[in-house]
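Hydrogens, waters and symmetry mates are skipped; everything else that's a heavy atom, side chains included, is used. Along the sequence shown, residues carry numbers from 1.
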Amino acid sequence: MVDEIKGNIELKNALPYGTIKKITETFGYKSQGNVSEVIAGNKKGNTLLIECAEKIVTAYEDCGFEEKITEILKGYDVSK
């Protein structure tokens with residue numbers, strides 16, 4: 001038996017801004033809302049959407065962007 005891939009809200013929230021729109025366009029869907037619901041695990045749908053989202057989140061986390069942006073912004077902090 002093959003385990004079914006399932007979406008979840010943490011996966012959806014981990015996607016960089018604008019990614020759901022790009023996934024929607026790539027897969028040829030009209031509604032970002034439906035794609036978002038599948039990735040969040042609230043609706044059943046094409047599991048390739050979830051697989052794609054997981055790969056994007058992994059790539060985003062692996063590049064270390066969050067740590068880099070924090071370090072860059074520290075140099076511009078004018079609240080001190």
| note | Sorted by chain and number, sequence neighbours left out, ring pair (Phe, Tyr, Trp, His ring centres under 6.0 Å) with Tyr29 holds for none
| message | Same cluster or not: Ile69 versus Val57, using hydrophobic residues (I, L, V, M, F, W, Y) connected whenever any side-chain heavy atoms lie under 4.5 Å apart? | response | no
| message | For a quick test of reading the model, state the closest non-hydrogen atom pair linking Asn46 to Leu48 and the distance between them. | response | OD1-N, 2.8 Å
| message | Looking at every non-hydrogen atom in both residues, tell me the closest pair between Pro16 and Ile56 and how far apart they are. | response | CD-CG2, 4.1 Å
For residues 31-45, dump all side-chain donor-acceptor pairs below 3.5 Å to protein atoms at least two apart in sequence or in another chain.
unit_1 : atom_1 : unit_2 : atom_2 : d
Ser31  : OG     : Gly33  : N      : 3.2
Ser31  : OG     : Asn34  : N      : 3.3
Asn34  : OD1    : Lys43  : NZ     : 2.6
Glu37  : OE1    : Asn42  : ND2    : 3.2

| task | Check the pair Glu71, Lys74 against side-chain contact (heavy atoms from CB on, under 4.5 Å), reporting the backbone distance first and the verdict last. | result | CA-CA 5 Å; Glu71 193 59 36; Lys74 279 183 186 177; 4.0 Å; yes
| request: Taking ring pair (Phe, Tyr, Trp, His ring centres under 6.0 Å) as the test, write out the residues that go with Phe27, two or more places apart. | output: none
| Can Thr47 and Lys6 be said to form a side-chain contact (heavy atoms from CB on, under 4.5 Å), step by step? | CA-CA 7 Å; Thr47 56; Lys6 296 181 182 178; over 6 Å; no
| query | Quick one: does Ile5's side chain get under 4.5 Å of Glu54's, heavy atoms only? | reply | yes
| request: State yes or no: do Leu11 and Tyr60 share one hydrophobic cluster built from I, L, V, M, F, W and Y residues joined by side-chain heavy-atom distances below 4.5 Å, directly or via other members? | output: no
| query | What pair of heavy atoms forms the shortest contact from Leu15 to Thr19, and how long is it? | reply | CD2-CG2, 3.8 Å
